[in-house]
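Here is the naming used below: chain letters follow the sequence lines, and residue numbers restart at 1 for every chain.
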Amino acid sequence: ETGVTQTPRHLVMGMTNKKSLKCEQHLGHNAMYWYKQSAKKPLELMFVYSLEERVENNSVPSRFSPECPNSSHLFLHLHTLQPEDSALYLCASSQSLAGGLDEQFFGPGTRLTVL
Amino acid sequence: AQKVTQAQTEISVVEKEDVTLDCVYETRDTTYYLFWYKQPPSGELVFLIRRNSFDEQNEISGRYSWNFQKSTSSFNFTITASQVVDSAVYFCALSEVGGATNKLIFGTGTLLAVQP
């Protein structure tokens, strides 16, 4: 595997389900990110982790719970979601958090549909 | 506040035409970075270019070129002799410098459709 991988690629869940999104980066990077991409809206940064520590939680509802067990893996745990949470969830990584100096590498995303 | 505006929601061209994607940004910082990313139908954003605020030289990479003008706060992207494989959503983004999170501020994207 190379780059940033995400599983599953597609997920359909009910409002009462609990599911998790997984991201893995094979680039040796130290920072990882979760973004939400909704139709006709800019990408929204949700969470940022650096060396497994969360450094930003961008006012995300508590029904989204991130976990970063090591610098290569990032999870997004989902529970009691709403239909408006349906979106493409993108994971990204970068070498560091040096603003602008390290480009972010993105995974292919998980297309989430909440029924 | 920082903001990136991509006024063109969708553009459709015929193969071999040239096309320019517009990007206008707002920031109070004197030091910042601008980016372009491509998002093909497969979903992942592909990094195309990074430009810092002190470098206003235009850049050319194959069929791609970028025009950075601080006077108009614009960072436009031109594809010359477009091809069907260029069909994608293109995002312009702005990065804070010195912030704690390497945060990218994205525009809403421009969907480019290149017809054969």
Under 4.5 Å, heavy atom to heavy atom, which residues of residues 46-67 of chain B contact chain A?
F47(B), R50(B)
So, for [X] and [Y], which heavy atoms are closest and what is the spacing to 0.1 Å?
| X | Y | result |
| --- | --- | --- |
| V4(B) | C23(B) | CG1-SG, 3.8 Å |
| V14(B) | S82(B) | O-OG, 3.6 Å |
| P83(A) | M15(A) | CD-SD, 3.9 Å |

What part of [X] is in contact with chain B, defined as an atom under 4.5 angstrom from a non-hydrogen atom: side chain, backbone, both or neither?
| X | result |
| --- | --- |
| Q37(A) | side chain |
| R9(A) | side chain |
| Y35(A) | side chain |
| L45(A) | side chain |

K38(B) atom NZ: more than 12 heavy-atom contacts under 6.0 Å
yes
Counting only heavy atoms not in K3(B), do more than 12 sit closer than 6.0 Å to its NZ atom?
no
Distance-only donor-acceptor check, side chains [X] and [Y], under 3.5 Å:
| X | Y | result |
| --- | --- | --- |
| E44(B) | S42(B) | yes |
| T113(A) | S86(A) | no |
| Q2(B) | T27(B) | yes |

Please classify the contact between [X] and chain A as side chain, backbone, both or neither, with a heavy-atom cut-off of under 4.5 Å.
| X | answer |
| --- | --- |
| L104(B) | both |
| Q39(B) | side chain |
| Y32(B) | neither |

Exactly one candidate in S96(A), S93(A), S94(A) meets side chain to side chain donor-acceptor pair (under 3.5 Å) with H29(A); the answer is S93(A)
